[in-house]
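Contents: one structure, followed by commentary.
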Amino acid sequence: MNKGAYVSIVVPVFNEEDGLRELYSELSSVLKGIGKSYEIIFVDDGSKDKSLEILEGFKNTGQNVKIISFCRNFGQHAAVMAGFNSSEGEVVVTLDADLQNPPGEIPKLLEKIEEGFDVVAGRRMGRKEGILRKFSSAVMNIIISKLTGVKLKDYGCMLRAYKRSIINYLLQYGEKCVYIPAFASWLTGSVIEVPVKDNPRKYGKSKYNLLSFLRQAFDLITAYTLVPIQLISIVGAVFLIISVLLTGYLLSFRFFFGTPSPLTTFVAILLFLSGVTTFFIGVVSEYLVRMSIETRKRPLYIIKEKFERKNGDK
Ligand code: UDP
Ligand code: MG
């Protein structure tokens with residue numbers, strides 16, 4: 001895979017015209033300072049401003065740049081995956097285009113990779129964000145750490161470094177998994193966080209709002225658990241149990257006291273019918289879930305190393 005570049009920098013870009021030149025020159029000077037070969041991959045995610053034009057301008061700067069442009073906006077995840085796909089480095093670093101992740105922190109991440117970690121994640125210190133944003137990030141962090149079992153302090157920071165092996169796994173299996181950090185953490189136990197600076201957004205504004213946060217949370221929950229589906233069967237079963245109890249009550253009422261109230265009978269029938277329907281919807285959904293897990297093609301396990309001594313070996 002590695003055709004020269006030691007580190008590939010992947011930058012998703014969506015309407016970031018104001019900061020791109022600054023980012024590019026900062027990145028270049030930091031990377032030159034490291035003294036190893038590098039490539040910078042900009043993925044334009046269907047920007048509607050001058051971003052692509054500016055990126056095209058980088059083509060002739062004699063540096064190792066790759067520019068990929070989407071025909072429309074496919075989202076940050078897709079852009080990062082496209083960047084991974086054409087990356088050649090032994091190490092791949094992702095970074096936002098909005099200068100919130102300072103390029104100056106990249107050497108710190110690379111140091112940790114060299115120490116042997118598979119994934120090095122930036123942890124944003126001193127974040128300057130609104131209270132609502134902070135709150136939703138905190139909720140997301142709790143959800144992710146519960147679901148993936150990997151305890152990071154900051155899952156939302158895109159300033160990360162991955163070893164080639166992890167990138168290959170992500171490319172192979174992670175396409176359907178919308179949340180790269182969670183999947184990467186699931187893949188390997190060898191994850192470490194390093195504190196990085198976090199700048200406020202200098203130009204433009206954030207592409208995300210509360211709604212996209214909710215969508216992401218829902219994506220995650222459905223990607224990692226069966227709880228929402230199992231809830232359907234449980235509700236159905238509860239309905240059924242109540243209807244059975246109610247029927248028992250109605251029968252004994254009839255036996256000892258005469259005709260029971262029609263309303264109670266109606267409720268019993270209603271509960272029974274809706275219980276049956278809900279329960280079987282739950283069962284069908286379980287099958288659907290199994291199928292979707294299958295199509296996600298996640299590996300059953302990942303071997304880190306294998307040792308084998310055959311008969312006759314010394
Ligand atoms: N981005 C993208 N496609 C999108 C939305 C965002 O490529 O549909 C890029 C954006 O240009 C930036 C990064 O993803 O480089 C993070 O976006 P943003 O800064 O808006 O997110 P925030 O920092 O507010 O979480
Ligand atoms: Mg940002």
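Counting convention: from 1, in listed order, for ligands and their atoms alike. This chain uses plain numbering: 1 for the first residue, then up along the sequence. Atoms considered below: every heavy atom in the structure, side chains included; atoms not considered: hydrogens, waters and symmetry mates.
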Using a strict cut-off of 4.0 Å, indicate which atoms of ligand 1 neighbour a heavy atom of [X].
{"X": "Val13", "value": "7 (O), 11 (O)"}
{"X": "Arg201", "value": "18 (P), 19 (O), 20 (O)"}
{"X": "Gly75", "value": "3 (N), 8 (O)"}

| Electrostatic pair Lys50-Glu56, nearest N-O below 4.0 angstrom | no

| query | When you check the gap from the basic side-chain N to the acidic O, do Glu105 and Arg124 get nearer than 4.0 Å? | reply |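 Salt bridge flag = no for Arg124 with Glu105.
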
| note | Taking every heavy atom of Ser261 against every heavy atom of Thr264, the minimum-distance pair comes out as OG-OG1, 2.7 Å

| message | With respect to Pro12, determine whether any N or O atom, backbone or side chain, lies less than 3.5 Å from an N or O atom of ligand 1. | response |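 Yes; the residue has a nitrogen or oxygen that sits under 3.5 Å from a nitrogen or oxygen of the ligand.
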
| field | Polar proximity ligand 1 side, Asn73 side, N/O cut 3.5 Å exclusive | value | yes

| request: Record the part of Asp96 in heavy-atom contact with ligand 1 below 4.0 Å; permitted values are side chain, backbone, both and neither. | output: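 It is both backbone and side chain that touch ligand 1.
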
| task | Using a 4.0 Å heavy-atom cut-off, say whether Gln100 meets ligand 1 through its side chain, its backbone, both or neither. | result | side chain

| request: Kindly indicate, with the supporting measurements, whether the criterion side chain to side chain contact (heavy atoms under 4.5 Å, CB included) is fulfilled by Val191 and Phe117. | output: CA-CA 6 Å; Val191 181; Phe117 291 96; over 6 Å; no

Protein residue, atom and distance nearest to [atom], heavy-atom basis:
{"atom": "atom 20 (O) of ligand 1", "answer": "Lys207 N, 2.6 Å"}
{"atom": "atom 4 (C) of ligand 1", "answer": "Asp45 OD2, 3.4 Å"}
{"atom": "atom 25 (O) of ligand 1", "answer": "Arg133 NH2, 2.7 Å"}
{"atom": "atom 11 (O) of ligand 1", "answer": "Glu16 OE2, 2.6 Å"}
{"atom": "atom 14 (O) of ligand 1", "answer": "Gln76 CD, 3.2 Å"}
{"atom": "atom 24 (O) of ligand 1", "answer": "Ser206 OG, 2.5 Å"}
{"atom": "atom 17 (O) of ligand 1", "answer": "Tyr208 CE1, 3.7 Å"}
{"atom": "atom 1 (N) of ligand 1", "answer": "Phe14 CB, 3.7 Å"}

| query | Strictly under 2.8 Å, is any N, O or S atom of Met158 next to the Mg ion (ligand 2)? | reply | no

| request: Check whether any side-chain heavy atom of Leu288 sits under 4.5 Å from a side-chain heavy atom of Ile229, and report yes or no. | output: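 The answer is no; the side chains never approach within 4.5 Å.
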
| request: May I ask you to decide if the ring planes of Phe58 and Phe42 are parallel, tilted or perpendicular, using 30° and 60° as cut-offs? | output: tilted

| field | Phe74 and Phe70 aromatic ring geometry - parallel, tilted or perpendicular at 30°/60° bounds | value |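 Perpendicular.
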
| Other residues, nucleotides, ligands: >12 heavy atoms within 6.0 Å of Phe14 CZ | yes

| said: Counting neighbours of NZ on Lys108 that are heavy atoms of other residues, nucleotides or ligands and sit closer than 6.0 Å, is the number greater than 12? | reply: yes

| said: Check for me whether Met158 has a heavy atom closer than 4.0 Å to any atom of ligand 1. | reply: no

| request: Evaluate salt bridge (Lys or Arg N to Asp or Glu O under 4.0 Å) for Lys36 paired with Glu114, printing each intermediate quantity in order. | output: CA-CA 13 Å; Lys36 289 197 169 149; Glu114 254 140 54; 3.3 Å; yes

| field | Straight-line distance of Ser51 OG to Leu20 CG, nearest 0.5 Å | value |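 Output value for this atom pair is 5.0 Å.
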
| request: Can you tell me, to 10 degrees, how wide the angle at the Mg ion (ligand 2) is between OE1 on Gln100 and OD2 on Asp98? | output: 90°

